[in-house]
Novice: 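What follows is a structure written as structure tokens; I'll ask about it next.
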Protein chains: 2
Amino acid sequence: MSELIVKRTTLKQQVYDYLKDSILLGEFNPGERLIEEKIAETLNVSRSPIREAVRMLEKDGLLNVHQTGGVTVVNPTIEDYRSLYEVRVEMESLAAYFAAERCDDSEIALMETSIQEMAHEISIHNLKGLLRVNFNFHEIIVRASRNPFLISMTLQLRGINSFYRRAIVEGDPRNMENALRDHEEIFFAIRKRDPDFARECMRKHIEHDYQAFMKAVQK
Amino acid sequence: MSELIVKRTTLKQQVYDYLKDSILLGEFNPGERLIEEKIAETLNVSRSPIREAVRMLEKDGLLNVHQTGGVTVVNPTIEDYRSLYEVRVEMESLAAYFAAERCDDSEIALMETSIQEMAHEISIHNLKGLLRVNFNFHEIIVRASRNPFLISMTLQLRGINSFYRRAIVEGDPRNMENALRDHEEIFFAIRKRDPDFARECMRKHIEHDYQAFMKAVQK
DNA sequence: CCTCCGTCTACTGTATACAGTATTCTTCTA
DNA sequence: TAGAAGAATACTGTATACAGTAGACGGAGG
């Protein structure tokens, strides 16, 4: 019975998920070359689904194509991150604006829960949990924007952005306390249904994040 | 000798280009299902490169996956276009802002040329040329933003947006005259190196475009 | 006439095979 | 010892083969 459900996914999707997770969790080093045959062997699948997954990750901006064929894990420069944040600050601020206009009560409840969870993770110094719950808060807001393009593009940027992200937390514990305060502020603005204020709060928050990120990466 | 250059492209890339053009030029109808074997036969290639091209177009948002497998050409609703413009207005305005800060003289010259070409295409009522040169102007500005993420995402949105675009021109010839005036205004702002003004001009322009688009699509 | 069930077909998902080209390694020469 | 040429190897790009499944079609039972 549950087998029927299990079988409802394709190998190419599983490979895609596996590779994406591996890249984002740092199990492949930035700049490292990916060999189709090796992955095929590791996962016990043929190269066909792998090639398709690779093409998708390429479009996600997580893999670079070598002109001669073959792909490497993306290795963003400081300059790339500057560009990324230039766009991210605009997109997520816009998302906060729309979220304040459009989100429903259940989403507001989710945000509140997320903030509580974040406080908890901070108190127990759980790095992995912090990263997860932080991502989660932003995702709730972005999805509350009700704009599929904004959602997919923001999440794509977030993916690329999550490379050295753990360094932010490790670099200075107070970063996350500040982030929590930012989140609360954003949450209040959205709950008050004040789009412009929500937008400004988010803008400030992403700029804080940018500064923390840059400080953490300078190493 | 030139053969060496010619051979520097893969079938999957050619298939990708072919399918993308076909979709954007309306040679496949929105919602139409694409059959791998048919395309393979048409292009005299195997299904392998086609499958990879399809995965890329899927990520571009030009093909939808059917849960049972198989893909259909995307068929955006009015609501989708509203979402699209919500994002596009923000991204392209931001691009204009950065372009005013960062573009060099050669890019300014390109913009000027593009405007002249547009005036010419209007005077000879060349629909296809108009679409091309209009796209071209926006592309110059977006690239002048020097932000790779902004560039790729904006061009992606533009791709999806180019579906019913010809209807704008066909609907009312004055739309393009207005667009030309908008372009001039944007150009002056960028040449004056006035980022904020460039941003506002672009914002107004995209909003005009949105109105013209919606009016044209209501049919 | 409808609908339920089976078969048949068309298509996708995945594996495998093969050719061609980078890349690496080796060996020879200056 | 450095550098170049050539062979061996490692990968990719593409084609083909095969299995499984969804949907179409058609016939039997109500």
Side-chain angles (χ1 to χ4, degrees), chain A residues 1-20 22-23 27-60 62-75, chain B residues 1-20 22-23 28-75:
Chain A
M1 197 150 202
S2 74
E3 289 217 359
L4 292 175
I5 297 166
V6 165
K7 199 46 200 161
R8 274 281 141 268
T9 183
T10 61
L11 283 184
K12 103 178 159 255
Q13 189 59 43
Q14 289 173 244
V15 172
Y16 173 80
D17 292 340
Y18 165 80
L19 287 177
K20 188 165 183 176
S22 298
I23 292 169
E27 294 175 28
F28 299 117
N29 296 322
E32 178 178 347
R33 182 170 180 187
L34 258 50
I35 308 297
E36 294 171 9
E37 281 180 342
K38 295 268 171 60
I39 300 166
E41 196 180 359
T42 306
L43 302 182
N44 269 308
V45 298
S46 78
R47 282 173 53 215
S48 305
I50 289 173
R51 286 184 66 83
E52 297 185 35
V54 163
R55 295 290 90 78
M56 295 195 283
L57 290 162
E58 202 180 300
K59 282 281 177 186
D60 284 343
L62 293 176
L63 293 179
N64 283 332
V65 287
H66 199 262
Q67 66 285 7
T68 163
V71 294
T72 53
V73 176
V74 74
N75 191 7
Chain B
M1 194 149 201
S2 76
E3 289 217 357
L4 291 175
I5 298 167
V6 166
K7 200 46 200 163
R8 275 280 141 272
T9 184
T10 61
L11 283 183
K12 100 177 161 254
Q13 189 60 43
Q14 290 173 244
V15 172
Y16 173 80
D17 292 340
Y18 164 81
L19 287 177
K20 188 166 182 175
S22 299
I23 293 169
F28 299 117
N29 296 322
E32 178 178 347
R33 181 170 180 189
L34 258 51
I35 308 296
E36 294 171 9
E37 280 180 344
K38 295 265 169 59
I39 300 165
E41 196 180 358
T42 305
L43 301 182
N44 269 309
V45 298
S46 77
R47 282 173 52 215
S48 304
I50 289 173
R51 285 184 66 83
E52 297 186 34
V54 163
R55 294 290 91 76
M56 294 194 285
L57 290 162
E58 203 180 299
K59 281 282 176 185
D60 284 342
L62 292 176
L63 294 178
N64 282 333
V65 288
H66 200 261
Q67 65 285 5
T68 162
V71 295
T72 53
V73 176
V74 73
N75 191 8

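The figures that follow rest on heavy atoms only: side chains count, while hydrogens, waters and symmetry mates do not. Lettering follows sequence order; numbering is per chain, from 1.
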Novice: So, do B:Asn29 and B:Val73 sit near enough that their side-chain heavy atoms are less than 4.5 Å apart?
Specialist: no
Novice: How many whole angstroms separate atom CZ of B:Arg33 from atom C1' of D:dA22?
Specialist: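 Going from CZ in B:Arg33 over to C1' in D:dA22 covers 9 Å.
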Novice: Send over the distance from B:Arg51 CZ to C:dT12 C1', rounded to a whole Å.
Specialist: 6 Å
Novice: Calculate the interatomic distance between B:Asn44 atom CG and D:dT16 atom C1'; express it in whole Å.
Specialist: 15 Å
Novice: Let me know, please, whether B:Ser48 or B:Glu36 comes out on the 5' side of the other along DNA chain C by nearest nucleotide.
Specialist: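 Mapping each residue to its closest nucleotide by heavy atoms, the 5'-most match is B:Glu36.
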Novice: May I ask you to verify if any side-chain N or O of A:Ser46 is less than 4.0 angstrom from the OP1 or OP2 atom of C:dA15?
Specialist: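 For C:dA15, OP1 or OP2 has a side-chain N or O of A:Ser46 closer than 4.0 Å.
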Novice: Starting at CD of A:Gln14 and ending at C1' of C:dA15, how long is that distance when rounded to a whole Å?
Specialist: 16 Å
Novice: Examine D:dA10: is either OP1 or OP2 under 4.0 Å from a nitrogen or oxygen in the side chain of A:Lys38? Give yes or no.
Specialist: no
Novice: Measuring from A:Ile35:CD1 to A:Glu41:CD, what's the distance to the nearest 0.5 Å?
Specialist: 12.0 Å
Novice: Would you kindly give the CZ-to-P distance between B:Arg47 and D:dC18, to the nearest whole Å?
Specialist: 14 Å
Novice: Should B:Glu52 and B:Arg55 count as an ion pair when the cut-off is N to O under 4.0 Å?
Specialist: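 Salt bridge flag = no for B:Arg55 with B:Glu52.
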Novice: For the side chain of B:Glu37, starting at C-beta, report the closest nucleotide among D:dT16, D:dG13, C:dC11.
Specialist: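 Closest of the options to the side chain of B:Glu37: C:dC11.
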Novice: What is the distance, rounded to the nearest whole Å, between atom CD of A:Gln67 and atom P of C:dA22?
Specialist: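 So the two atoms are 10 Å apart, to the nearest Å.
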Novice: Between C1' on D:dT14 and NZ on B:Lys12, what's the gap in Å once rounded to a whole number?
Specialist: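 In whole Å, D:dT14 C1' and B:Lys12 NZ are 11 Å from each other.
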Novice: Between C:dA15 atom C1' and A:Leu43 atom CG, what is the distance in whole Å?
Specialist: 15 Å
Novice: Just compare D:dT12, C:dT12, C:dA15 and give me whichever is closest to any side-chain atom of A:Val45.
Specialist: C:dA15
Novice: Could you tell me whether the side chain of B:Ile23 reaches within less than 4.5 Å of the side chain of B:Leu63, counting heavy atoms only?
Specialist: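 A side-chain contact under 4.5 Å exists here.
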Novice: Would you indicate whether the side-chain heavy atoms of A:Thr72 and A:His66 approach each other to under 4.5 Å?
Specialist: no
Novice: Contact class for A:Ile50 (heavy atom, under 4.0 Å): base, sugar-phosphate, or nothing?
Specialist: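 A:Ile50: no heavy atom of the nucleic acid under 4.0 Å.
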Novice: Just compare C:dG13, D:dG23, D:dT14 and give me whichever is closest to any side-chain atom of B:Thr68.
Specialist: D:dG23
